[in-house]
Amino acid sequence: MSDNNNSGTFFGACPHDCPDTCAMLFEVEEGRLTGVRGNPDHPMTRGGLCVKLKDYEKRHHHPDRLLYPLRRTGARGSKEFTRISWDEALDEITGRWQAIIAESGPEAILPYSYLGHQGLVHGLNGGDAFFNRMGATVCERTFCGEGSCTAWLLTVGPTAGLDPESYRHSNYIVIWACNSVSTNLHHWHIVKEAQKRGAKVVVIDAWRSRTAQEADWHIAPRPGTDGALAMAVINSIIDQGLVDRDYVDQYTLGYEALAERAASRTPEWAEAITGVAADDIRTLARELATSQPAAIRMGIALERHYGGGQTIRAVTCIPALTGAWRHVGGGVTQSPVWEHPYRFDVICQPQWIPEGTRVVNNLQLGRALTGELELDPPIRSLMCWNSNPVTQAPEADKIVAGLQRDDLFTVVADHFLSDVATYADIVLPAAMGAEMEDIILSWGHLYLTYNSKCVEPPGEALPNNEIFRRLASRMGYEEERLHWSDSECLEHFVDWEAPASEGIDLAYLRANGYARLNVGTADDRCPHREGNFPTPSGKCQFEVEGATNFVAPPFRQMYEGFQPGEALDPLPDYVPPRESPQSNPELARRFPLNIVSPKSHGFLNSCYANMEEKIHIQGEQFVLINAADAGPRGIGEGDRVRVFNDRGGFEAVARVSDDVNPGVVVATLGYWRQLNRGTVNAVSGADFVNMGHAPAFSDNLVEVSALA
Ligand SMILES: Nc1nc2c(c(=O)[nH]1)N[C@H]1C(S)=C(S)[C@@H](COP(=O)(O)OP(=O)(O)OC[C@H]3O[C@@H](n4cnc5c(=O)[nH]c(N)nc54)[C@H](O)[C@@H]3O)O[C@H]1N2
Ligand SMILES: Nc1nc2c(c(=O)[nH]1)N[C@H]1C(S)=C(S)[C@@H](COP(=O)(O)OP(=O)(O)OC[C@H]3O[C@@H](n4cnc5c(=O)[nH]c(N)nc54)[C@H](O)[C@@H]3O)O[C@H]1N2
Ligand SMILES: [Mo]
C-alpha cells in the first residue's frame with residue numbers, strides 16, 4: 001500500500017492472543033498512527049474490529065506507555081523507578097546474568113513469556129533461541145489449549161479439522177465452552193448467518209454468557225462435568241441406533257471398546273452429575289447425529305478442569321461416530337494452527353538446549369519462586385515479556401510473594417507498568433503493533449496475516465526481537481540466528497516451500513496483507529470425508545493403546561528432554577473435577593461455590609484493563625451469584641463482597657442474577673491487581689489437569705461473603 005511521506009494506509013494485523021487474528025488497515029499521517037480499521041476484504045475480519053481494538057491507535061499513544069528503560073529505586077512493588085539509558089540497562093542485566101551463570105549455572109535464570117504479542121518474530125517463542133543458547137531453564141508454557149492439543153493429537157492427529165469459515169454450510173452448531181460473542185467475534189458472524197438460514201445454535205456453557213443468550217438452546221452443565229455430558233451423548237447416539245456404521249468401520253479405531261465403555265454412561269447417569277435432564281441429552285445426541293452437516297466448536301475453556309483432556313477426547317470422537325466429517329460444514333474445530341507452515345524449529349532452536357536442562361511450567365511460577373518446587377539451583381533471575389503472570393497465572397499470592405524476594409533479579413519488558421512490571425528491577429519499554437514488522441500467528445483460521453512496520457516506536461521503546469538481539473551481542477553470542485533482522489526472521493520462520501504455502505511468499509504478503517493457505521476453500525474443504533486422519537493409524541482413534549501424557553509443541557519448544565508422562569486411559573471417559581461439592585464434599589463444606597473465571601468482554605486478558613474507556617465498557621470487577629446463594633449470605637445486588645478460599649481472595653461487586661445456577665459464581669478475568677483489591681487468580685490452584693499440563697481455572701471452590 002502507500003507510503004508517501006510517511007503517510008498512507010498500511011497492512012496491519014491484530015497482534016493479540018485471540019483466535020480471530022484480524023487483518024487490519026493502519027492509517028498513518030506524517031509518521032503518526034491516526035486510525036485503524038478491519039480489512040474489509042478479509043473473509044473473517046470483514047472490516048469489523050472488536051470493542052478492544054477499534055481505537056487501537058489510542059493504545060499506541062496512551063500517556064502511561066513506557067518510553068525509557070527504568071531501574072527500581074524503591075521497594076519491590078512500590079512503583080518507584082528512575083530512568084536509565086539502554087546501555088546502562090543492558091549492561092546491568094547481562095552483568096548480573098553473567099555473575100549468576102558463573103556462580104549457579106544458567107538454569108538459575110528463568111525466561112517467562114506468553115502470547116501478549118502473537119507474532120512469529122516478537123511473540124511467544126521470540127526469545128527462546130536466545131535463552132536456549134544460554135542454557136537457561138526451559139519454561140513450559142501451558143496457559144491455553146495444551147490439554148486440548150494433547151487430546152486432539154491423540155484422537156485425530158495434527159489436522160486443522162473443521163474450518164471455522166465452513167460453518168456457513170452447517171445445519172447444527174454446538175458451541176461448547178466458548179463465549180464467541182466476546183472471544184471469537186469474527187467467527188460469531190458466520191454462526192449468526194447460519195442461524196438466520198435456519199441452523200440451530202446450541203451453546204453449552206456453565207452460565208448464560210452473552211453467547212448463550214443468543215443461542216436457540218442453552219445447556220448449562222455444572223462446571224467441569226462436560227465429560228459426563230459428552231460420554232452420555234456417545235451412549236445415546238449408539239443407543240438410538242444413530243451411528244454411521246460405514247464411516248466407523250472404514251475410518252475409526254476402537255469402536256467396540258468405546259461402545260463398551262459408554263454403555264454404562266447413560267443419560268440418567270449423566271443427569272445426576274451434570275444437572276442436565278436426561279431427555280435433553282438424548283435430544284442433543286439425536287440432533288447432533290441427524291442434522292447434518294453438524295459442527296462442534298470447542299472453546300479453550302473446555303479443558304480447564306481436572307478431566308479436561310478426557311472431555312475433549314470424548315467430544316472429538318462425536319463427528320466420527322455420526323459421520324459428520326462426510327459433509328462440508330460438519331466435524332469439530334479445535335485450533336486450525338496445525339496446518340500452518342510455521343517453522344518453530346528455526347524460531348526456537350531447540351537443539352541448543354543443553355541435554356538434561358530442567359523444565360519449569362509457567363503455571364507454577366509462584367511455587368518456583370517461593371521454593372516450593374525445591375529447585376536446585378533456585379531461580380535467581382526472571383525475565384518476563386509478553387505476559388503478566390500476576391493477574392493471569394494461578395496462585396497469584398504466591399507469585400507476588402516470590403517476586404518480593406530480595407535475592408531475585410527481575411527484568412520485565414512491556415508497554416505499560418503491568419502488575420508484574422511493578423516488581424521488576426529493570427523495566428524495558430517495548431514497541432507495539434504498528435511499530436514492528438511481523439506475521440501474526442493464527443490459531444483460529446487458515447490465513448497468514450502480515451503486519452507492516454509503519455510508524456516509529458515512541459521514546460526509546462524497542463521491538464522484542466531488537467531487545468534480544470542487543471542482549472545476544474552483550475552476552476557475546478555470535479550465532480547468525482540471534483542477529484537476524486525482523487525481515488530476515490520472516491524469510492526463515494515460515495516454510496515457504498510447504499504445500500500449504502504454495503503461491504505465497506513474503507512479497508505477496510507485503511503486497512496483499514494476508515493470504516489463505518492452500519488447503520481448499522471453505523466451500524469445498526472436507527478434510528476427513530474419507531478418513532485421512534494424520535494419526536499413526538490414519539484413522540480417528542477412539543482408542544489409543546499405550547498412550548502417555550505429553551505437552552504438544554511449540555509450547556514445549558519441541559524439546560525432547562522431558563520425562564515421559566504418566567500412562568493415559570486408552571479410552572475417553574468422564575473424570576470428575578478435583579473441586580466440586582460432588583467430588584470433594586469436605587472442601588465444599590467450607591467453600592461451597594464453584595467459581596468460573598472466563599475472559600472479560602472489554603479486556604484482552606489483562607491488556608486494556610488499565611485504560612479508562614475500556615474499564616468503563618467492561619465495568620468494575622464483579623461476581624455473578626444466584627439469588628439462592630446470595631440471600632442466605634445477606635448479599636444484595638451491588639454489595640461489595642469478598643471471594644476467597646484457602647489460597648487467597650479478591651474483592652468484587654455482587655451481581656445477583658439467574659444467569660448463573662445456584663452453586664456457581666462467575667468473575668471475569670484481567671483486572672489489574674494494582675487497581676483492584678486482589679485478582680481472580682488468587683483463588684485458582686496451580687495443579688495441572690489430566691492432559692497437557694493445562695490449567696484448572698474452572699476447577700476451584702470458593703466462598704463469597706458480604707463486606708461491611
Ligand atoms: N482465571 C483465569 N486465568 C487465566 C485464564 C482464564 O480463562 N481464567 N486464561 C488463561 C489464558 S487462555 C491465557 S492465554 C493467559 C494469558 O496470559 P498473558 O499472556 O500473561 O496475558 P496478558 O495479561 O494479556 O499479558 C500480556 C502482557 O504482554 C504485554 N505485551 C503485549 N505486547 C507486547 C510486546 O510486543 N512486547 C512486550 N514485551 N510485551 C507485550 C501486555 O502489555 C501484557 O502486559 O491467561 C490465562 N489465565
Ligand atoms: N474479549 C476477550 N476475548 C478474548 C480474550 C479476552 O481476554 N477477552 N482472550 C483470548 C484468549 S487468550 C483465549 S484462550 C480465548 C478463550 O476463549 P473461550 O474459550 O471462549 O474462553 P472463556 O471466555 O474463558 O470461556 C468460554 C466460556 O466457557 C465457559 N466455561 C468455563 N468453564 C466451563 C466448563 O467447565 N464447562 C462449560 N460447559 N463451560 C465452561 C465460561 O463460562 C465461558 O462463558 O479468548 C480470546 N479472546
Ligand atoms: Mo488463551
Side-chain angles (χ1 to χ4, degrees), residues 15-20 50-52 59 112-119 122-124 126 141 143-145 175-185 203-212 219-226 229 298-305 308 311 362-363 384-394 412-416 418-421 428-433 435-436 438 443-444 461 463-464 467 577 594-610 618 660 664 666-670 672 679-681 683-684 695 697-700:
H16 284 295
D17 184 0
C18 172
D20 294 16
C50 67
V51 65
K52 308 173 290 298
R59 192 166 168 82
Y112 195 103
S113 69
Y114 207 65
L115 286 165
H117 190 278
Q118 197 163 272
H122 306 289
L124 175 76
R141 293 159 293 205
F143 259 143
C144 177
I175 300 185
W176 205 323
C178 184
N179 186 8
S180 314
V181 173
S182 296
T183 64
N184 195 187
L185 184 64
V203 170
I204 306 179
D205 198 306
W207 68 296
R208 200 185 299 131
S209 65
R210 284 177 192 250
T211 312
I219 299 174
R222 296 189 181 106
T225 65
D226 302 77
L229 180 60
M298 295 191 287
I300 300 290
L302 198 50
E303 73 178 14
R304 296 194 188 123
H305 59 275
T311 300
N362 75 328
L363 300 169
C384 181
W385 73 103
N386 284 354
S387 186
N388 186 13
V390 171
T391 62
Q392 301 303 114
V412 174
D414 206 306
H415 300 142
F416 295 96
S418 69
D419 282 334
V420 68
L428 302 175
M432 200 178 277
E435 299 154 8
M436 52 200 186
D438 214 332
W443 52 274
N464 289 342
I467 295 175
N594 267 112
I595 185 165
V596 174
S597 52
K599 309 297 187 182
S600 290
H601 184 75
F603 307 148
L604 195 294
N605 295 316
S606 73
C607 296
Y608 301 93
N610 61 325
Q618 170 61 27
V660 283
V664 180
V666 174
T668 64
L669 169 82
W672 283 25
T679 134
V680 289
N681 274 324
V683 300
S684 319
F697 293 123
S698 297
D699 194 342
N700 298 285

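First listed ligand is number 1; within each ligand, the first listed atom is number 1.
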*Per-atom contacts, ligand 2 versus Trp443 - under 4.0 Å to a heavy atom*: 13 (C), 14 (S), 15 (C)

*Proximal ligand 2 atoms for Ala206, defined as those under 4.0 Å from one of its heavy atoms*: 37 (C), 38 (N), 39 (N)

*asked:* Using heavy atoms and a 4.0 Å limit, tell me yes or no: is Pro394 in contact with ligand 1?
replied: no

*asked:* For Phe697, which part has a heavy atom under 4.0 Å from ligand 2: side chain, backbone, both, or neither?
replied: neither

*Any Gly670 heavy atom less than 4.0 Å from ligand 2*: no

*asked:* Any heavy atom of Lys52 closer to ligand 2 than 4.0 angstrom?
replied: yes

*Can you figure out which of Lys599, Gln118, His415, Arg59 has its heavy atom closest to atom 12 (S) of ligand 1?*
Lys599

_Quick check on contacts: which atoms of ligand 1 are under 4.0 angstrom from a heavy atom of Ala431?_
35 (O)

*Please write down residue, atom name and distance for the protein heavy atom closest to atom 23 (O) of ligand 1.*
Ser606 OG, 2.4 Å

*Evaluating non-hydrogen atoms only, which member of Asp17, Thr391, Asn386 is closest to atom 39 (N) of ligand 1?*
Asn386

*Check each atom of ligand 1 against the heavy atoms of Trp385 and keep those under 4.0 Å away; list them by number with element.*
38 (N)

*Under 3.5 Å between some N or O of ligand 1 and some N or O of Asn388?*
yes

*Is a side-chain N or O of Tyr112 found less than 3.5 angstrom from the main chain of Asn362, in a donor-acceptor match?*
yes

*Which residue owns the protein heavy atom closest to atom 44 (O) of ligand 1, what's the atom, and how far is it?*
Asp414 OD2, 2.6 Å

*Atoms of ligand 2 close to Gly299 [distance to a heavy atom under 4.0 angstrom, numbered from 1]*: 19 (O)

_Regarding atom 24 (O) of ligand 2: of the candidates His601, Arg304, Gln618, Glu303, which has the closest heavy atom?_
Arg304

*What residue and heavy atom of the protein are closest to atom 45 (O) of ligand 1, and at what distance?*
Gln392 NE2, 3.1 Å

*What are the atoms of ligand 2, with element, lying closer than 4.0 Å to any heavy atom of Pro598?*
22 (P), 23 (O), 24 (O), 25 (O), 41 (C), 43 (C)

*So, does Met436 sit close enough to ligand 1 that a heavy atom of it is under 4.0 Å from the ligand?*
yes

_ligand 2 contact on Ser698 by region, counting heavy-atom pairs under 4.0 Å_ = side chain

*Indicate yes or no for a side-chain donor-acceptor contact from Trp672 to the backbone of Ser606 under 3.5 Å, with no hydrogens or angles considered.*
yes

*Who's the nearest protein heavy-atom neighbour of atom 31 (C) of ligand 1, and how far?*
Gly116 O, 3.3 Å

*asked:* Please identify which of these residues, Ile467, Asn464, Leu428, Val412, meets the side chain to side chain contact (heavy atoms under 4.5 Å, CB included) condition with Trp385.
replied: Asn464

_atom 3 (N) of ligand 1: nearest protein contact (heavy atom, Å)_ = Asn681 ND2, 3.1 Å

*Look at atom 27 (C) of ligand 1 and say which protein heavy atom is nearest, naming residue and atom and giving the distance to 0.1 Å.*
Ser387 N, 3.4 Å

*Where is the nearest protein heavy atom to atom 5 (C) of ligand 1: which residue, which atom, and how far?*
Leu669 CD2, 3.4 Å

*N/O separation below 3.5 Å, Pro389 to ligand 1*: no

*asked:* Students should be able to answer this: which protein heavy-atom is nearest to atom 8 (N) of ligand 1, and at what distance?
replied: Ser597 O, 2.8 Å

*Compute the minimum heavy-atom distance from Tyr114 to ligand 2 and say whether it is under 4.0 Å.*
no

_Numbering as shown, the atoms of ligand 1 that approach Cys607 to under 4.0 Å (heavy-atom distance)_ = 24 (O), 41 (C), 43 (C)

*Per-atom contacts of ligand 2 with Pro223, taking only distances under 4.0 Å to non-hydrogen atoms*: 35 (O)

